[in-house]
Amino acid sequence: MPELPEVESVVRSLRDGKPSLIGLRIRSLDLVWPGVVSQSPPGFDLARLAGYCCSSIARLGKYLFFSLDCAGEETYVLVVHLRMTGRLFLVPDSAAIERHTRMALFLEHGLALRFDDPRKFGRIWLTVDPASITDGMGPDALNVAEDEFIARLEGGRRQLKPLLLDQSFVAGIGNIYADESLNRAGLHPLMNSGDLLPDERQRLHAAIRSVLNEAVAAGGANIDGVFKAGNFVVNVYGREGAPCRVCGTPISKIRVGQRGTHFCGHCQPLR
DNA sequence: CACTCTACCTGTGCGC
DNA sequence: TGCGCACAGGTAGAGT
């Protein structure tokens, strides 16, 4: 389940890995499942990308941005959201299209960029105006400054769990890191943002930053037996009934806003 | 404004 | 063994 740290790992691997996507020219495209292309905004034909070259890769929240340049032409941006199960990776261009392959971009030097996604939730956009797609999103959760974070908290009264999942509040936190951040901050997921004390607001900001930074450094999360992107060890997510790694209390699981929500009843008391 | 529900998907794992 | 079903979850959009 790619969230901010897993998406950041994709950026780093495609940008800094060997081989790197940067500088590779697109030869052709295979849109295996056309539904992967979001219809809004409409009107761009992906086949036009032949001859374009990826000049940079960026990320905001869980969105990926590939700048595509071609001499004398307007810059296009290929925007990708992996949603639940999407994967983006380089393969030899001879690699077979697999059951869950939704798109393949064939590149120079015998390579191809593949987008595979079993659940068909992931989406791509082609646009000259990427800001129009991420319009309304909050600041990136990894980079948001404490004063801005606290100013945003002071705006309303909401349960902490749904608030952290709201991409217009801060961008990049999903179900795993929402639970992990609240756990580290020692805050119950049902607490109301409007009731936080000043030091609790600071703790929440610091917890989000440290959890996400550690997860990025670890290359993503490692959820026992379910999913492994990297080596970040979770304390609460998916650990119902297992002992809290801090105090040994069995981890609780409740539903909040239709979402499985995990917390330690001892470390995260409800006020 | 805050919230709830539904739709979109399919692989997994459970109970029977 | 096989079947049916709940479940996982990010986001948009509609409804309360």
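Chain A is the first sequence line, chain B the second, and so forth, proteins listed ahead of strands; every chain is numbered from 1.
With rounding to whole Å, F169(A) atom CZ is found 17 Å from dC3(B) atom C1'. As a whole-Å value, the separation of R255(A) CZ from dC5(B) C1' is 12 Å. Summarising the geometry, the separation between CD on E154(A) and C1' on dC1(B) is reported as 18 Å, rounded to the nearest angstrom. For the pair F121(A) CZ and dA8(C) C1', the interatomic distance rounds to 10 Å; values are reported in whole Å.
Contact annotation: Y237(A) reaches the phosphate of dG9(C) (side-chain N/O to OP1 or OP2, under 4.0 Å). Residue K120(A) places no side-chain N or O under 4.0 Å from the OP1 or OP2 atom of dG9(C). One finds no side-chain N or O of R119(A) lying less than 4.0 angstrom from the OP1 or OP2 phosphate oxygen of dA8(C). Distances shorter than 4.0 Å separate some side-chain N or O of H100(A) from OP1 or OP2 on dG11(B).
Side chain to side chain, D116(A) and H100(A) fail the donor-acceptor criterion of an N or O pair below 3.5 Å. A donor and an acceptor atom, one from each side chain of N183(A) and Q268(A), are located under 3.5 Å apart.
Here K161(A) lies out of heavy-atom contact (under 4.0 Å) with every strand. The residue G257(A) sits apart from the nucleic acid: no heavy atom pair falls under 4.0 Å. Nucleic acid contact for R99(A): sugar-phosphate only, since backbone atoms but no base atoms lie under 4.0 Å from a heavy atom of the residue.
Residue pairs meeting the side chain to side chain donor-acceptor pair (under 3.5 Å) criterion with at least one member in residues 165-177 of chain A, sequence neighbours excluded: E6(A)-Y177(A), R158(A)-D166(A), K161(A)-N175(A), D166(A)-S168(A).
W125(A) has its ring centre less than 6.0 Å from the ring centre of Y63(A).
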F149(A)/F169(A) under ring pair (Phe, Tyr, Trp, His ring centres under 6.0 Å): CA gap, chis, key distance, verdict | CA-CA 9 Å; F149(A) 182 82; F169(A) 174 63; 5.5 Å; yes
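Comment: R201(A) does not engage E146(A) in a salt bridge, judged by the lack of any side-chain N to carboxylate O separation of less than 4.0 angstrom.
Proximity note for Q258(A) (side chain, C-beta onward) versus dG9(C), dC5(B), dG11(B): the nearest is dC5(B).
For R157(A) against dA2(B), no side-chain N or O and base N or O form a donor-acceptor pair under 3.5 Å.
Among residues two or more places apart in sequence or in another chain, the salt bridge (charged side-chain N to carboxylate O under 4.0 Å, His left out) test is passed with R245(A) by none.
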For nucleotides 11-16 of chain C, just jot down a letter per nucleotide in 5' to 3' order: B, S or -, based on protein non-hydrogen atoms under 4.0 Å.
-> B-----
